[in-house]
Amino acid sequence: MAENNMKEADAPVKKNFIDLQIDKDLTEGKNDSRVHTRFPPEPNGYLHIGHAKSICLNFGTAQKYGGKTNLRFDDTNPSKEETEYVDSIMADVRWLGFDWEDRLFYASDYFDQLYEFALKLIEDGKAYVDDQSSEKISEQKGTPTRAGIESPFRNRTVEENKDLFVRMKAGEFDEGARVLRAKIDMASPNMHMRDPIIYRIMKAPHHRTGDKWCIYPMYDFAHGQSDYWEGITHSICTLEFEVHRPLYDWFVDQLQETDYRPRQIEFARLNLSYTVMSKRKLLELVKDKHVNGWDDPRMPTISGLRRRGYSPESIRNFAERIGITKVDGMIDVTLLEHSVKEHLNKTAQRVMGVLGPLKVVITNYPDEQEEELDAVNNPEDESMGKRKVPFSKVLYIEKEDFMEDPPRKFFRLGPGREVRLRYAYFITCNDVIKDENGEIIELHCTYDPASKRGQLARWKKSKSYLALGFCPTRR
RNA sequence: UGACCCGUGGUGUAAUUGGCAACACAACUGAUUUUGGUUCAGUAGAGUCCAGGUUCGAGCCCUGGCGGGUCAACCA
């Protein structure tokens, strides 16, 4: 144990660009030199391997700096969110090996404070209620190259705005009838600064607050405040939020004390070759029953990978290997696969199995005899011990391990060939028995008693032949 | 035609912050092997998007291009 700790302490810590930023913040004494991150999933689906990268990054970064990490559900859109997702997310994060301790939060915890802040924005003349349709608002937004125009409702009085917003909350208006917008700059070169919507009417029950609310805050409004209230120092998110950062900062600056500031840092999300990572598409696969649920082994979800046999440490190693940058690239799946192979090779128990059985009769083996052979559980790790494998006259090999007319590079059994059965004897195939359709149903072989494992007499016939796995029949 | 971001072998990440480009995956040889696994030895592959500039010296700094990404949801 102590040795392990020493080892880890001595290992050079590989720094990514986020670490370097944190180093800088720390030397400047920012935020009392605290490091506090958060993993903020929206509970609208199961976590996938891309989230694993973010989880390892957020928890890993805090660990490196002796800081803390919160788990926060970003549940500001009740139409997509469910408790089932909340539960699966917590299970997956734990399975990956991370612990948020007592710091479990929900954006919905802040709905009251967020509402008060919206009111404050209105009172400060920095937010207004817009009565226009979403089409109209979007039309007035302009384009990236053309400035937007101001809403006719932009200059309502504080009193009127307040009255309308309170009534929005009271449920007096239909969904889509009105929104609350921040009053910033319709001509900003950054589209997100063109009077972004901060509250909308949604008459949908929320998975936690039920029907208490019929107005819900937008991500841009809620996220920075949630970070602030939780004392987050480094708010790590993916690249597409880069252009949101000025807005993130704007809201915090308008609404919070200046005692400290969370810093948003963006990194490139994971792209894996041959792998669908879009939550929308994964949801479609589940909903349309192309797969048997979110944890189908064919899914790139954490629960799918788990069922597939991936270990948490292999996923963590993978996350470590791929690194953290802002380069939007494409990682080869073989790297993920290599990570499991590496771990499983050291830890997995080996057994023999036959999927497509082909009967083998050892003609010169005594009818009633059965012996037990020693098989190692893991050649990489002797401490995993041995097991007994029964051997008798009739047994089964894999269909694919036999070819009647083997090509040059086929190293398994064929007519007249001699190969070893793993942990057992050399057998020679003498006869191929077929049914009336010409299908091979049975092989008649003879074994060489002198070739038993451990007896040096027949150590090896030919290095080009493989040892075949087999399944016994017990009498 | 706007704002912001990115550009190092096939892929991903490094490069003591200005000192002759390293590691991993993938590929290919060969050896070993009672898992076509593992392990071991080795090979090939970029001169760092381009062009200038500063410097004794540039992947790292400056300027200008080129290429790619993101942004116009009452999603996050």
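For the numbers below, each heavy atom of this structure counts, side chains included, while hydrogens, waters and symmetry mates do not.
Counting non-hydrogen atoms of neighbouring residues, nucleotides and ligands closer than 6.0 angstrom, the CD atom of Glu320(A) reaches no more than 12 such neighbours. Atom CG of Asp405(A) sits in a sparse spot, with 12 or fewer heavy atoms from other residues, nucleotides or ligands closer than 6.0 Å. Heavy atoms from other residues, nucleotides or ligands lying under 6.0 Å from CG of Asp211(A) number 12 at most.
A distance of about 15 Å separates the C1' atoms of U1(B) and A72(B), rounded to the whole Å. Taking the C1' atoms as reference points, G69(B) lies 15 Å from C49(B), given to the whole Å. Straight-line distance between the P atoms of U54(B) and C60(B): roughly 15 Å, to the nearest whole Å. Rounded to whole Å, the C1' atom of G64(B) lies 38 Å from the corresponding atom of A26(B). Separation of the C1' atoms belonging to U32(B) and A41(B) is 11 Å when rounded to the nearest angstrom. Rounded to whole Å, the separation between the P atoms of U63(B) and A27(B) comes to 43 Å. Straight-line distance between the P atoms of G36(B) and A14(B): roughly 38 Å, to the nearest whole Å. One C1' atom belongs to A58(B), the other to A44(B), and the distance between them is 28 Å to the nearest Å.
Thr76(A) has a side-chain polar atom (N or O) that falls below the 4.0 Å cut-off from OP1 or OP2 of A76(B). Taking side-chain N and O atoms only, Ser138(A) has a distance below 4.0 Å to OP1 or OP2 of A73(B). Considering only side-chain N and O atoms, Arg280(A) lies nowhere under 4.0 angstrom from the phosphate OP1 or OP2 of C75(B). Listed pair Arg321(A) / A14(B) fails the phosphate criterion, with no side-chain N or O lying under 4.0 Å from OP1 or OP2. For C25(B), neither phosphate oxygen OP1 nor OP2 lies less than 4.0 angstrom from any side-chain nitrogen or oxygen of Thr334(A).
Of the candidate nucleotides U34(B), G36(B), G7(B), G36(B) has the atom lying nearest to any side-chain atom of Phe410(A). Distances from the side chain of Asp328(A) to the nucleotides C74(B), G69(B), G2(B) place G69(B) closest. Checking C71(B), G37(B), C75(B) against the side-chain heavy atoms of Asn345(A) singles out G37(B) as nearest. Comparing G36(B), C74(B), G37(B) by their nearest atom to the side chain of Lys141(A) picks out C74(B). In this structure, the nucleotide among C74(B), U34(B), A3(B) sitting nearest to the side chain of Pro189(A) is A3(B). Comparing U13(B), A76(B), U35(B) by their closest approach to the side chain of Thr325(A) singles out U13(B). Checked against G37(B), U70(B), G36(B), the side chain of Phe411(A) finds its nearest nucleotide in G36(B). Each of G37(B), C25(B), A72(B) was ranked by its minimum atom distance to the side chain of Leu335(A); first place goes to C25(B). Comparing C4(B), U35(B), C74(B) by their nearest atom to the side chain of Arg422(A) picks out U35(B). Out of A76(B), A72(B), C74(B), the shortest distance to the side chain of His244(A) is found at A76(B).
Going from atom CD of Glu266(A) over to atom P of C6(B) covers 10 Å, rounded to whole Å. Atom pair Lys326(A):NZ and U8(B):P shows a separation of 15 Å (rounding to whole Å applied). Regarding Asp195(A), its CG atom lies at a distance of 16 Å from the C1' atom of A73(B), rounded to whole Å.
In a base pair of the Watson-Crick type (N1 to N3 plus N6-O4 or O6-N4) or a G-U wobble (N1-O2 and O6-N3), with each distance short of 3.5 Å, U63(B) is matched with A51(B). With both pairing distances under 3.5 Å, U29(B) is matched to A41(B) as a Watson-Crick or G-U wobble pair. The pairing partner recorded for U8(B) is none, the criterion being a Watson-Crick or G-U wobble arrangement whose two distances lie under 3.5 angstrom. Across the strands present, U1(B) finds no partner; the criterion is a Watson-Crick or G-U wobble pair with both atom distances under 3.5 angstrom. Base-pair partner of U34(B): not found among the strands shown (Watson-Crick or G-U wobble, both distances under 3.5 Å).
A distance below 6.0 Å separates the ring centres of Tyr115(A) and Phe165(A). Phe153(A) has its ring centre no less than 6.0 Å from the ring centre of Tyr128(A).
Looking at heavy-atom distances under 4.0 Å, Leu468(A) makes no contact with the nucleic acid at all. Residue Met218(A) is classed as a sugar-phosphate contact, given heavy-atom separations below 4.0 Å to backbone atoms only. At a threshold of 4.0 angstrom between heavy atoms, the contacts of Lys409(A) include nucleobase atoms, whether or not backbone atoms are also involved. Residue-level contact check: Pro41(A) touches neither bases nor backbone, having no heavy atom under 4.0 Å from any strand. Within the nucleic acid shown, Ile331(A) comes within 4.0 Å of sugar-phosphate atoms alone, with no base atom in reach, counting heavy atoms only. Within 4.0 Å of Glu342(A), counting heavy atoms only, lies no atom of the nucleic acid at all. Within the 4.0 angstrom heavy-atom criterion, only backbone atoms of the sugar-phosphate kind lie near Gly329(A); the bases stay farther away. Among the heavy atoms of the strands lying under 4.0 Å from Phe241(A) is at least one base atom, whether or not backbone atoms are also near. When heavy atoms are screened at a 4.0 angstrom cut-off, Leu272(A) is found touching no nucleic acid atom at all.
Nucleotide G47(B) carries a syn base; the chi torsion (O4'-C1'-N9-C4 or O4'-C1'-N1-C2) is within 90° of 0. Using a 90° window around 0 for the glycosidic torsion, U17(B) falls inside it and is classed as syn.
The only option from Phe73(A), Tyr85(A), Tyr106(A) that meets the side-chain contact (heavy atoms from CB on, under 4.5 Å) definition with His207(A) turns out to be Tyr106(A).
Residues Asn190(A) and Arg178(A) both approach RNA chain B. Their nearest nucleotides, taken by heavy-atom distance, put Asn190(A) toward the 5′ side. Taking for each of Arg245(A) and His338(A) the nucleotide of RNA chain B with the nearest heavy atom, the 5'-most of the two is the partner of Arg245(A).
By the 30° and 60° cut-offs, the orientation of the rings of Tyr110(A) relative to Trp229(A) is tilted. Ring-plane geometry between Tyr248(A) and His223(A) is classed as tilted, the angle between the planes lying from 30 to 60 degrees on a 0 to 90 degree scale.
Using a cut-off of 4.0 Å between Lys/Arg side-chain N and Asp/Glu carboxylate O, Arg208(A) and Asp109(A) are scored as salt-bridged.
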Next on the checklist: Determine whether Asp249(A) and Arg261(A) satisfy the following criterion, salt bridge (charged side-chain N to carboxylate O under 4.0 Å, His left out), listing intermediate values before the conclusion.
Outcome noted: CA-CA 9 Å; Asp249(A) 291 336; Arg261(A) 280 290 175 271; over 6 Å; no
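Contact of Arg412(A) with G36(B) (side chain to base): a donor-acceptor pair of N or O atoms is detected under 3.5 Å. For Glu380(A) and G37(B), a side-chain-to-base donor-acceptor distance below 3.5 Å is present, hydrogens and geometry of angles not being considered. Interface remark: the His192(A) side chain does not form any donor-acceptor pair with the A73(B) base, using a distance-only criterion of under 3.5 Å.
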